[in-house]
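The structure displayed is predicted, hence computed values, not measured ones. As a basis for the values below, the full set of heavy atoms in this structure was taken, side chains included, without hydrogen atoms, waters or symmetry mates.
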Amino acid sequence: MAAPSCNAPGLWVRGSKQRLGSLFSLISKPFCSVAAASGTVSAQRLAEKLRAQKQEQKTKKQPVPTSPVQRRVQELVRFTQQLQRVHPNVLAKALSRGIVHQDKDLVVINKPYGLPVHGGPGVQLCISDVLPILAKILHGHKAESLHLCHRLDKETTGVMVLAWEKEVAHQVQELFRTRQVAKKYWAVTVHVPVPPAGVVDIPIIEKEVQGQQQHYKMALSPGYRMEDGKIVRARSNRNAHMAVTQYQVLSSTLSSALVELQPVTGIKHQLRVHLSFGLDCPILGDHKYSDWTKLAPQKLSLGTLKKLGLHQAKARHIPLHLHAHQLILPALGSRKEELDLVCKPPRYFVCSLRRLDLQMPSQDQNGDDEAGRVRAQ
């Protein structure tokens, strides 16, 4: 027996294969309309119920961890998520409070963690989006947009230079391109570099990683390799880029170190690749380059986890501990002296140093997300 249908000209009678005529056809139409209306109301109520449940889950308070470190990790995760949901005006205001230096040509900010510089897939908000708003906050509603002079990775914090005029931005970009800008980064590493100071001069190339998760990573492309116990020259790859990094250990324990890095070149992810694959000392919180074959949370030793007050299951929330600490810009335009720009590391960076028994240079003991200083030479 077929079920009743609203599209049929009549209705089926139980126990019969005969269809009633136009009378039932006329009667069935109002019932069809009522059924359609009921379906619409039910769908609306269901949608409202699902939205209410979703909102309740968002507003539902998560249990507060007892460990101060775990509380800080939870705050960082929440902060990173909020950065992508915050209104552009609010973000611009926050960046204006973290200004390290400002003159008629340049504005220097202390870039926060988790904020991308440029837009891209999945990026809802980035620094380039709020530059027009930031300019109006600093110079009034008639101000033209600021311009980017260089870039930092989303997870990297520290000194970032902006310019008022596009021509000045091009001049600063040329200084970076011609390696006239002195750059110093700080990184907290898992393991200690050996020797404690030196230069890593190994070309870098982008490669596809085969495995369960097929993806791309920057990789080393050395000019020499071992063959039968002998060092032989490797075939050079024309897609490889020259990459040179100078490093020095500022403080160390048996299992971790605070390292100062001076990149001579500016290849994508250069510092992370040289530390992880060149010196076998990945940066704390580098979940991409701690393992070549897979994308997975960084594996830490039990001793390091104990010092940080974390379990391995929570290691995926550890932020990248890479900070653009200092930039020295040469004389530019009307400014006849070089500009020494310094940003203190964020609080989570300083907290990790204390937990790992690592010492910072004395003038930078108090980390602050919005602090910095400028020295004119």
Side-chain angles (χ1 to χ4, degrees), residues 79-80 82-120 123-178 180-185 266 323-347 367-377:
F79 173 67
T80 305
Q82 289 173 349
L83 275 174
Q84 293 298 309
R85 296 194 298 265
V86 73
H87 193 279
N89 291 354
V90 177
L91 177 57
K93 189 68 175 178
L95 293 177
S96 70
R97 290 196 295 266
I99 288 178
V100 175
H101 171 75
Q102 183 180 355
D103 57 33
K104 67 182 185 66
D105 294 321
L106 303 174
V107 174
V108 182
I109 62 173
N110 190 352
K111 179 190 169 299
Y113 171 80
L115 184 62
V117 175
H118 298 286
V123 176
Q124 299 174 2
L125 190 62
C126 59
I127 288 180
S128 60
D129 289 341
V130 301
L131 291 184
I133 305 172
L134 179 59
K136 288 176 171 57
I137 291 174
L138 299 177
H139 272 192
H141 291 288
K142 294 184 179 180
E144 296 291 331
S145 176
L146 286 158
H147 302 276
L148 293 168
C149 296
H150 62 116
R151 67 180 300 277
L152 290 174
D153 289 341
K154 173 183 174 180
E155 297 86 0
T156 305
T157 61
V159 183
M160 186 161 194
V161 182
L162 311 171
W164 286 109
E165 302 291 338
K166 188 172 290 187
E167 182 181 348
V168 177
H170 289 326
Q171 292 175 3
V172 177
Q173 289 167 3
E174 185 64 15
L175 292 176
F176 275 94
R177 191 187 69 81
T178 55
Q180 298 183 56
V181 179
K183 298 171 284 186
K184 290 185 180 180
Y185 290 74
H323 175 69
H325 176 64
Q326 184 178 16
L327 282 182
I328 301 177
L329 290 173
L332 181 68
S334 59
R335 180 168 45 81
K336 303 302 181 184
E337 52 195 9
E338 66 181 17
L339 195 61
D340 188 354
L341 305 162
V342 178
C343 277
K344 293 181 180 180
R347 290 188 181 96
D368 196 324
D369 291 329
E370 299 177 354
R373 73 176 188 272
V374 180
R375 294 194 297 264
Q377 302 295 330

Inset, instruction - Step by step, work out the side-chain contact (heavy atoms from CB on, under 4.5 Å) result for Asn110 and His323. - result: CA-CA 10 Å; Asn110 190 352; His323 175 69; 4.3 Å; yes
Legend entry - Closest non-hydrogen atom pair between Lys154 and Pro116, with its separation: CG-N, 3.9 Å
Legend entry - Thr157 side chain reached by Pro345 side chain, heavy atoms, under 4.5 Å: no
Inset, instruction - Report yes if the side chains of Glu167 and Asp105 come closer than 4.5 Å at any heavy-atom pair, otherwise no. - result: no
Legend entry - Residue pair His147 / Glu165, side-chain heavy-atom distance below 4.5 Å: no
Legend entry - Leu162 side chain reached by Leu131 side chain, heavy atoms, under 4.5 Å: yes
Inset, instruction - Decide yes or no on side-chain contact (heavy atoms from CB on, under 4.5 Å) for His325 and Val159, but give the supporting numbers first. - result: CA-CA 6 Å; His325 176 64; Val159 183; over 6 Å; no
Inset, instruction - Indicate the atoms forming the closest heavy-atom contact of Asp129 with Leu125, along with that distance. - result: OD2-CA, 4.0 Å
Legend entry - More than 12 heavy atoms from other groups under 6.0 Å of CD on Glu174: yes
Legend entry - Gap between atom NE2 of His87 and atom NZ of Lys93 - 0.5 Å precision: 14.5 Å
Inset, instruction - State the OH-CD distance between Tyr113 and Glu155, to the nearest 0.5 angstrom. - result: 5.5 Å
Legend entry - Nearest-0.5 Å distance, NE2 of residue His139 to NZ of residue Lys104: 11.5 Å
Inset, instruction - Please examine the side chains of Trp164 and Gln102, heavy atoms only from C-beta on, and report whether any two atoms are closer than 4.5 Å. - result: yes
Legend entry - Min side-chain heavy-atom separation Leu148-Met160 under 4.5 Å: yes
Inset, instruction - Answer whether the closest heavy-atom distance between the side chains of Leu91 and Leu115 falls below 4.5 Å. - result: yes
Inset, instruction - Would you name the heavy atoms of Ser145 and Ala135 that are closest together and state the gap between them? - result: CA-CB, 4.1 Å
Legend entry - Lys136 versus Ala143, closest heavy-atom pair with distance: NZ-O, 3.7 Å
Inset, instruction - Could you tell me the separation between the CG atom of Leu329 and the CG atom of Asp340, rounded to the nearest 0.5 Å? - result: 9.5 Å
Legend entry - Least distance between heavy atoms, Ala169 atom then Ala163 atom: N-CB, 3.6 Å
Legend entry - pair His150-Val172: side-chain heavy atoms closer than 4.5 Å: no
Inset, instruction - Take Leu327 and Lys183 through the test side-chain contact (heavy atoms from CB on, under 4.5 Å) and record every step on the way to the result. - result: CA-CA 5 Å; Leu327 282 182; Lys183 298 171 284 186; 3.1 Å; yes
Inset, instruction - Please name the pair of heavy atoms, one in Pro330 and one in Arg335, separated by the smallest distance, quoted to 0.1 Å. - result: O-NH1, 3.3 Å
Inset, instruction - Find the distance between CD1 (Ile109) and CG (Leu152) and round it off to the nearest 0.5 Å. - result: 9.0 Å
Legend entry - Leu332 side, atom CG; Gln180 side, atom CD - distance, nearest 0.5 Å: 10.0 Å
